[in-house]
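Here is the naming used below: chain letters follow the sequence lines, and residue numbers restart at 1 for every chain. These figures come from a predicted structure and were not determined experimentally. Computed from heavy atoms alone, side chains included, the values below leave out hydrogens, waters and symmetry copies.
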2 protein chains.
Amino acid sequence: MESDASKPQTTIEWGLLGQSIGPRIRLLRNALTARSISASAPYGLPTGSLTVLALIAANTGSSQTALARSAGLNKSALVGIVDELEARGLAARDRSERDRRRNSLSVTPEGEEVMRTLFTAVTTNEAPIRDALGQQDMTLLLSLLDRAIEAVQEADG
Amino acid sequence: MESDASKPQTTIEWGLLGQSIGPRIRLLRNALTARSISASAPYGLPTGSLTVLALIAANTGSSQTALARSAGLNKSALVGIVDELEARGLAARDRSERDRRRNSLSVTPEGEEVMRTLFTAVTTNEAPIRDALGQQDMTLLLSLLDRAIEAVQEADG
DNA sequence: TATTGTTATACTCTATAACTATA
DNA sequence: TATAGTTATAGAGTATAACAATA
């Protein structure tokens, strides 16, 4: 890790969008995705799979529609992800007894393991941010993001 | 605007990823993109174009490579965006005199106008977030995001 | 040799619309 | 009729690799 004083390291000049959140979110997403792909490629799982896996684990028995809403995804988009998780034996689909239209989702023991392994990759991935912000500001950032998420979800109905 | 007490409106349970920034960024990006598309569709410009336009305006004479780095994009990805902006007469490419490999980018007067029009769309787009956070927390969120961006950019070299 | 911009190409992610099976 | 999940399909966004022009 070299400290390179030759880099200007100026904050990006956003111009008219200086007070807008969109461009920043996009940039961060691109950067994190790029890092995440190289980190999780060995496991052959696409970026969003771990998120879905974690959501299933935290909401066992959830339906796919409910899960899609939590993940901010279209229900169709979720099908393929769950397909893959199921094919790898990481998650299970069971028909709900009470409403046979619904799938009841759960994580398998294998899924739990993979989840934890990938979790360390994510943590490593985000380490630069965590290090730069420190524990306190990181927590603050997360809570502000949660409030932002809540706001857009409410706005979109 | 109805206040609907019937909605549980619980914060999403991220489980293992409760302290991770990635899933939240992804979700916000999806939500904002969806809203942004419906907002800017009348102008026929893809989501990222306004960001690039604003960056060009704020950094007149910038090269494409420099711009790509600022926007967090691959230089190849930027070519198509600039192509479109140029085709619509919103931005101009001129060969740099001092280094004839480089393009010197600038925004046309027409581009300035479109930029301002689209800016109002973006502002409307993000209004729910701004309203929910208030001016102070919004500013705080933006500055934390900027620090996060700086951190990942430095980490990625 | 190294860098800027370009092209060709392919892949990931996500959405829309139409379908089925249940309710 | 309405909802949960599925399929088929299409589109936006982005990256990699190879190339030409210039340094």
Side-chain angles (χ1 to χ4, degrees), chain A residues 22-23 25-38 40-41 44-52 61-87 91-105 156, chain B residues 22-23 25-41 44-52 61-69 71-87 91-105 156:
Chain A
I25 293 289
R26 175 196 309 271
L27 197 164
L28 263 183
R29 198 265 196 166
N30 286 1
L32 287 176
T33 298
R35 311 190 96 234
S36 163
I37 284 174
S38 56
S40 70
L45 276 176
T47 324
S49 297
L50 172 59
T51 299
V52 172
S62 168
S63 72
Q64 286 181 202
T65 298
L67 196 65
R69 181 176 158 80
S70 284
L73 291 175
N74 187 281
K75 61 178 180 172
S76 300
L78 194 62
V79 173
I81 298 176
V82 176
D83 278 350
E84 191 176 24
L85 292 176
E86 195 181 28
R93 264 194 264 236
D94 298 295
R95 282 284 160 190
S96 164
E97 292 289 327
R98 295 185 305 183
D99 183 343
R100 300 244 301 276
R101 294 171 301 181
R102 285 192 171 125
N103 284 336
S104 172
L105 302 172
D156 289 347
Chain B
I25 293 289
R26 175 195 309 271
L27 198 164
L28 262 184
R29 200 265 194 169
N30 286 0
L32 287 177
T33 299
R35 312 190 95 234
S36 162
I37 284 174
S38 57
S40 70
L45 276 175
T47 323
S49 297
L50 172 59
T51 300
V52 172
S62 168
S63 72
Q64 287 182 200
T65 298
L67 196 66
R69 181 175 158 80
L73 291 176
N74 187 281
K75 61 179 180 172
S76 299
L78 194 61
V79 174
I81 298 176
V82 176
D83 278 351
E84 191 176 22
L85 292 175
E86 196 182 27
R93 265 195 264 238
D94 298 294
R95 280 286 160 189
S96 164
E97 291 289 328
R98 295 186 306 183
D99 184 342
R100 299 245 301 276
R101 294 172 301 182
R102 286 192 169 123
N103 284 336
S104 171
L105 302 172
D156 289 347

Could you work out which one of [options] sits closest to the side chain of [X]?
| X | options | value |
| --- | --- | --- |
| D83(A) | dT7(D), dA23(D), dG5(D) | dT7(D) |
| A77(B) | dT14(D), dT22(C), dT14(C) | dT14(D) |
| N74(A) | dA23(D), dA15(C), dG13(D) | dA15(C) |
| S63(B) | dG5(C), dA15(C), dA23(D) | dG5(C) |
| R101(B) | dT14(C), dT7(C), dT4(C) | dT4(C) |

Polar pair under 3.5 Å, donor/acceptor by atom type, side chain R100(B), base dT22(D):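 Answer no: no donor N or O sits under 3.5 Å from an acceptor.
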Protein-nucleotide distance ([X], atom [atom1]; [N], atom [atom2]), rounded to Å:
| X | N | atom1 | atom2 | value |
| --- | --- | --- | --- | --- |
| I81(A) | dT7(D) | CD1 | C1' | 16 Å |
| R69(A) | dA15(C) | CZ | C1' | 17 Å |
| L105(B) | dG5(C) | CG | P | 7 Å |
| L67(A) | dT14(C) | CG | P | 13 Å |
| D99(A) | dT3(D) | CG | C1' | 8 Å |
| R102(B) | dT3(C) | CZ | C1' | 8 Å |
| L32(A) | dC13(C) | CG | C1' | 16 Å |
| L45(B) | dG13(D) | CG | C1' | 15 Å |

Short side-chain N/O contact to [N] OP1/OP2 from [X], under 4.0 Å:
| X | N | result |
| --- | --- | --- |
| R26(B) | dT12(C) | no |
| R29(B) | dT14(D) | yes |
| N30(A) | dG13(D) | no |

Polar side-chain atom of R95(A) near backbone of R101(A) as donor-acceptor pair, under 3.5 Å: yes
Main-chain N/O of S104(B) paired with R93(B) side-chain donor or acceptor, under 3.5 Å: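 Checking the backbone N and O of S104(B) against the side chain of R93(B), no donor-acceptor pair under 3.5 Å is found.
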Sugar-phosphate, base or nothing in reach of L73(B), heavy atoms under 4.0 Å: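 It contacts sugar-phosphate atoms only.
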Touch class at under 4.0 angstrom, heavy-atom based, for N103(A) against every strand present: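 The residue N103(A) makes sugar-phosphate contact but no base contact.
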From L105(A) atom CG to L78(A) atom CG, the distance as rounded to the nearest 0.5 Å: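 The CG atom of L78(A) is 7.5 Å from CG of L105(A), to the nearest 0.5 Å.
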5' precedence on DNA chain C between R95(A) and K75(A) (nearest-nucleotide basis): K75(A)
Pairwise 5' ranking along DNA chain C for S76(A) and Q64(B), keeping only the more 5' one: Q64(B)
Side-chain heavy atoms of L27(B) within contact of T51(A), under 4.5 Å: no
Check: L50(B) and L45(B) side chains under 4.5 Å, non-hydrogen atoms: no
Minimum heavy-atom distance between S49(A) and E84(A), given as atom pair plus value: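 Answer, listing the atom of S49(A) first, then E84(A): OG-OE1, 4.0 Å.
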